[in-house]
Amino acid sequence: LSKDISHLNVQLSYTFTGAKTYTLRIDMHGWKLTDDPLESSGAVDPDRYQETRGLLVLPLVKSDARQINLRFTAWRHSIKDATNEDATRWPLPEPLGAFVLQGNLKVTAKSSLQIAPLLQEMVGLAQLSAPRDESQNNDSDSRDDLKVVPLNFRSFRPQTEFHAELIES
């Protein structure tokens, strides 16, 4: 996270039963795809996707696919919270036409920022545990400009929003 522009690494797993599916649709809630490649192990045609009015439509190569794992990176400008001038909110992308299972959200910030999550303001998220130093853990983010102590949350419904104050340190 940053005070101006934030990046999000998204990983979605789809399992299909029944009727054929021709597209995946995701309400991006203001997030835009970066120039990083869209990864789907060949299940999605990366040259034919459309982003229109906040909706990402991904055409499938095979309509009879039963399982698709999708990864992409998106960015967006931060949104100031209307009810708290010190707070910022980030609505997360939402798969449409799919049953949404629990998901994980790991939040890191530039090293010059401290994240103060506003748990009472969040929508569809619960903090998994108190932050702990993961600098010895290979799972932590190793980029020099990001803190190595992530905040971990579990999403349990669609239309999820992360809310926090970003404090200059």
Side-chain angles (χ1 to χ4, degrees), residues 1-2 4-79 88-110 115 117 122-129 134 137-164:
L1 300 178
S2 77
D4 298 321
I5 295 178
S6 297
H7 288 83
L8 181 67
N9 295 321
V10 176
Q11 181 176 342
L12 299 171
S13 296
Y14 289 88
T15 301
F16 301 99
T17 59
K20 291 184 177 186
T21 303
Y22 297 93
T23 61
L24 302 178
R25 299 173 344 142
I26 303 168
D27 185 338
M28 295 295 284
H29 292 290
W31 294 87
K32 305 281 185 203
L33 290 179
T34 65
D35 291 335
D36 294 338
L38 188 134
E39 300 173 26
S40 69
S41 299
V44 171
D45 185 344
D47 297 325
R48 293 186 39 230
Y49 77 86
Q50 298 175 10
E51 264 185 297
T52 309
R53 289 186 228 143
L55 184 66
L56 176 62
V57 179
L58 304 165
L60 299 181
V61 173
K62 295 181 180 179
S63 62
D64 59 352
R66 293 288 166 228
Q67 178 107 23
I68 295 175
N69 293 310
L70 180 66
R71 296 177 83 130
F72 60 87
T73 302
W75 70 273
R76 74 162 297 133
H77 291 284
S78 301
I79 303 172
T88 307
R89 66 183 184 92
W90 294 267
L92 300 177
E94 174 187 358
L96 301 175
F99 181 74
V100 178
L101 297 175
Q102 294 180 355
N104 296 319
L105 175 66
K106 181 172 87 171
V107 180
T108 56
K110 290 190 170 207
I115 305 168
M122 290 193 200
V123 177
L125 288 170
Q127 191 165 9
L128 289 177
S129 61
E134 295 188 7
N137 183 345
N138 289 336
D139 188 38
S140 65
D141 205 317
S142 61
R143 288 180 38 193
D144 290 338
D145 64 334
L146 295 179
K147 289 193 178 290
V148 293
V149 182
L151 299 173
N152 294 295
F153 297 87
R154 168 83 25 100
S155 68
F156 52 89
R157 59 168 271 194
Q159 300 173 344
T160 305
E161 285 190 11
F162 178 77
H163 290 248

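Quick note: residue numbers are just sequence positions, from 1.
Using a 4.5 Å cut-off on side-chain heavy atoms (C-beta onward), E39 and N69 make no contact. Put simply, the side chain of L151 reaches to within 4.5 Å of the side chain of Q127, judged on heavy atoms. Looking only at side-chain heavy atoms (C-beta outward), L24 and L12 stay at 4.5 Å or farther from each other. The shortest distance between side-chain heavy atoms of L60 and S40 does not fall below 4.5 Å. Looking only at side-chain heavy atoms (C-beta outward), I26 and L70 come within less than 4.5 Å of each other.
Using bins of under 30°, 30° to 60° and over 60° for the plane-to-plane angle, the ring pair F162/F153 lands in the perpendicular bin.
The two residues P117 and M122 come nearest to each other via the heavy atoms CB-CE, 3.5 Å. For L56 against E51, the heavy-atom pair with the smallest separation is CD1-CG, 3.6 Å. Of all the heavy atoms in A126 and F156, the pair that sits closest is N-CE2, 4.0 Å.
Screening residues 22-31 for side chain to side chain donor-acceptor pair (under 3.5 Å), with sequence neighbours left out, gives H29-E94.
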For a side-chain contact (heavy atoms from CB on, under 4.5 Å) check, start with the C-alpha distance between T160 and L105, then their side-chain angles and the critical distance, and finish with the verdict. CA-CA 10 Å; T160 305; L105 175 66; 6.0 Å; no

From CA spacing to verdict: side-chain contact (heavy atoms from CB on, under 4.5 Å), I68, T21: CA-CA 11 Å; I68 295 175; T21 303; over 6 Å; no

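F72 pairs by the ring-ring contact (aromatic ring centres under 6.0 Å, His included) definition with nothing, not counting sequence neighbours.
Within a 6.0 Å radius of CZ in R48, other residues, nucleotides and ligands contribute 12 heavy atoms or fewer. Summarising the local packing, CZ of R76 is surrounded by more than 12 heavy atoms from other residues, nucleotides or ligands at distances under 6.0 Å.
Atom CG of residue D35 and atom CH2 of residue W75 lie 11.0 Å apart, to the nearest 0.5 angstrom. One distance of note links CE of M28 with OG1 of T52; it measures 12.0 Å at 0.5 Å rounding. Taking NZ from K106 and CG from L128, the interatomic distance works out to 12.5 Å, rounded to the nearest 0.5 Å. Between atom CG of residue N104 and atom CD of residue Q11 there is a gap of 10.0 Å, rounded to the nearest 0.5 Å. We find the OG-CG distance between S78 and D4 to be 6.5 Å, quoted to the nearest 0.5 Å. Within the model, atoms OG1 of T34 and CG of L8 stand 10.0 Å from one another, a figure rounded to the nearest 0.5 Å.
Judged by distance alone, the side chain of S155 and the main-chain N or O of G103 form a donor-acceptor pair under 3.5 Å.
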